[in-house]
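Below you'll find the structure, written out as structure tokens, and then a few comments.
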Amino acid sequence: METERISATLRAVRLFQPGQPLKQVQMEIPAVGPRDVLVRVKAAGICHSDAHYRAGLSPVRPLPMTLGHEVVGIVEKAGEEVTRLRPGDRVCLHYMVTCGDCLHCNAGNEQFCTTGKIIGKYRDGGYAEYISIPARSAFVLPEAIPFEHGAVMMCSSATSLHALNKARHQPGETVAVFGAGGLGMSAIQLAFARGAASVFAVDIKPGKLELARKFGAVPVDAGAVDAVAEIRRLTQGRGVDVALELIGLPEVMRQAVQSLAVLGRVAIAGLTNKSFEIAPYTELLDREAEVIGVSDHLASEIPFLIQCVLERKLDLSNVVTKTVPLEAEAINQVLDDLSRFGEGVRAVITP
Ligand SMILES: [Zn+2]
Ligand SMILES: [Zn+2]
């Protein structure tokens with residue numbers, strides 16, 4: 001395979017050792033293979049997962065690694081076999097780099113690609129001036145979508161959409177979203193974009209419930225009422241067709257199952273390794289209910305996301321709380337805040 005190197009260097013903020021602050025370095029601009037594009041990064045989201053990576057709670061290899069999996073930018077250079085993209089194109093990057101060839105890729109489940117690598121975790125990501133990536137991972141980002149919105153769209157919004165798809169959400173069906181944070185706000189809006197009859201947003205934080213209401217959801221304050229009983233009451237005892245668990249708490253997973261209607265589906269995207277309880281007869285068999293796991297998302301889901309943002313069905317203007325420069329100190333500060341306060345902090349690096 002022919003590759004070409006550009007002589008200049010790039011600035012990147014990288015993880016050298018878990019538990020240590022990220023460091024800023026100058027490094028060589030990566031090779032651009034015939035089917036790759038070199039993208040000048042315009043925005044890179046700082047995700048809660050990045051705080052986990054820095055803390056060593058989730059594996060990153062090899063080290064050092066440039067973090068950043070929520071990346072948008074402008075094509076600087078396209079490999080000689082790339083026909084779909086040209087220098088100057090605005091693009092957003094699918095964070096999973098896949099082979100396109102293996103059993104899972106061929107079956108359309110490329111999140112299980114046998115050689116798949118998440119950028120910013122298993123290959124260099126977007127906390128840098130440039131990133132080299134296979135052209136097939138890059139999607140044209142329309143001019144009307146700001147770079148910052150494009151960046152956050154590529155992680156939490158994409159996961160929310162995948163959860164709705166895994167739950168086989170159909171127009172006219174009701175949805176309960178457990179967890180009205182970053183994922184939840186996208187899930188509520190995307191459920192409506194897909195024709196949800198009604199959406200119930202379950203959380204304990206008043207601010208999140210208020211925002212959920214602004215997006216058209218019926219807020220359910222789990223701190224004040226029994227969420228399951230309330231959802232049953234609001235649906236005349238029927239329950240919901242689809243429930244999404246976006247928090248990662250066993251007791252909430254159980255509530256999500258308990259809130260289901262006959263033939264209802266729960267999609268679980270919240271992370272935990274703790275077990276949760278289900279009463280098989282009354283909660284599953286008797287309703288033919290389904291519990292479904294959600295892992296990452298698919299490249300094929302990205303065009304719908306872009307469409308929703310363009311049509312203003314998915315409004316991400318509330319999501320980005322601040323922008324920071326591509327500097328180690330500023331980025332470490334955001335990661336500190338994320339570790340301390342969790343969601344609610346959504347910063348985007350704009351190099
Ligand atoms: Zn993310
Ligand atoms: Zn593959």
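Just so you know, ligand 1 is whichever comes first in the structure, and atom 1 is the first atom listed for that ligand. All residue numbers in this chain count up from 1 along the given sequence.
In Glu277, the CD atom is not crowded: 12 or fewer heavy atoms of neighbouring residues, nucleotides or ligands sit closer than 6.0 Å. The environment of CZ in Arg84 is crowded: more than 12 heavy-atom neighbours from other residues, nucleotides or ligands sit within 6.0 Å.
Lys166 has its side chain out of reach of Ser295: every pair of non-hydrogen atoms, C-beta onward, lies at least 4.5 Å apart.
Our summary of the site lists the angle at the Zn ion (ligand 2) between SG of Cys99 and SG of Cys113 as 100°, to the nearest 10 degrees. Rounded to 10 degrees, the NE2-metal-SG angle spanning His69 and Cys155 at the Zn ion (ligand 1) equals 110°.
At a cut-off of 2.8 Å, His48 is not counted among the residues with an N, O or S atom near the Zn ion (ligand 1). Inclusion of Glu70 in the first shell of the Zn ion (ligand 1) is supported: an N, O or S atom falls under 2.8 Å. At a cut-off of 2.8 Å, His104 is not counted among the residues with an N, O or S atom near the Zn ion (ligand 2).
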Before you tell me yes or no, could you show the steps for Arg265 and Glu290 under salt bridge (Lys or Arg N to Asp or Glu O under 4.0 Å), namely the whole-Å CA-CA distance, both residues' side-chain angles and the distance that decides it to 0.1 Å? CA-CA 5 Å; Arg265 290 87 62 199; Glu290 296 172 58; 5.2 Å; no
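Listed here is the closest heavy atom pair of Val257 and Phe276: CG2-CE1, 4.0 Å.
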